[in-house]
Amino acid sequence: MTLQVTVQKATNLPNVDRFGKSDPFCVLLLQGHKEKTKVIDDNLDPVWDENFEFQVAGGLSPAEVLKIEVYDHELVGRNRILGTLDLQLREVVQKGRMSVNTSLRSASGELVPQAKLQLELVYTAPPSTGGGGGGGGGGGGATTAAAN
């Protein structure tokens with residue numbers, strides 16, 4: 001049971017650097033696991049095209065959320081937040097695949113419509129939900145009950 005996330009790119013990120021442009025990277029958080037993209041220096045439209053695989057014990061529920069935070073990398077001091085995304089995983093759990101190109105939110109929660117993040121997600125569900133041999137037999141019983 002895995003969730004594969006491809007962080008493709010961001011566009012129109014805010015520039016928070018005094019000199020040059022922001023140096024963005026993403027942090028992905030799911031079920032206590034954390035992954036990070038590489039830092040793209042001096043770029044408000046970074047292209048990462050990085051793949052991450054989350055092992056999800058027991059599978060994902062449609063209510064699960066993948067949290068993504070986009071930061072400006074700082075050599076001195078704390079990294080500054082450029083935007084966040086709390087991505088509901090309902091669609092990828094139901095369909096197995098999901099493409100996302102959506103606006104980020106500021107640290108205060110306000111929508112930043114021009115700043116967008118593009119992702120691709122693929123979910124491999126647990127075998128038991130795939131309707132294997134046992135599932136097919138159960139389905140037949142449900143069909144008979146529905147026909148009566």
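Using a 4.0 Å cut-off between charged side-chain N and carboxylate O, Lys21 and Asp42 make no salt bridge. Salt-bridge annotation for Arg105 and Glu110: absent, with no side-chain N of the basic residue lying under 4.0 Å from a carboxylate O of the acidic one.
For the pairing with Leu117, the side chain to side chain contact (heavy atoms under 4.5 Å, CB included) check across Leu85, Thr11, Thr84, Leu82 returns one residue only, Leu85.
Here the CG-CG distance, from Leu104 to Asn12, works out to 10.5 Å after rounding to the nearest 0.5 Å. To the nearest 0.5 Å, atom CG of residue Leu3 and atom OG1 of residue Thr124 are 8.5 Å apart. Atoms CD and CG, on Gln8 and Leu119 in that order, are 7.0 Å from each other to the nearest 0.5 Å. Interatomic distance, Cys26 SG to Lys9 NZ, rounded to the nearest 0.5 Å: 13.5 Å.
Legend: side-chain hydrogen bond (donor to acceptor under 3.5 Å, both in side chains) pairs involving residues 26-36, not counting sequence neighbours, sorted by first then second residue: Gln31-Glu64.
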### Query
Given the rule in the side chain to side chain donor-acceptor pair (under 3.5 Å) test, do Asp17 and Ser22 qualify, once you have shown the distances and angles that lead to the verdict?
CA-CA 5 Å; Asp17 278 352; Ser22 297; 5.0 Å; no

#### Entry: Val92/Val122 under side chain to side chain contact (heavy atoms under 4.5 Å, CB included): CA gap, chis, key distance, verdict
CA-CA 7 Å; Val92 75; Val122 177; 5.9 Å; no

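A donor-acceptor distance shorter than 3.5 angstrom exists from the side chain of Arg80 to the backbone of Val16, with no hydrogens or angles considered.
Using modelled atom types, one finds a donor on one side chain and an acceptor on the other under 3.5 Å when comparing Thr6 with Asn51.
Note: Phe25 and Tyr71 have parallel aromatic rings, judged against thresholds of 30 and 60 degrees for the angle between ring planes.
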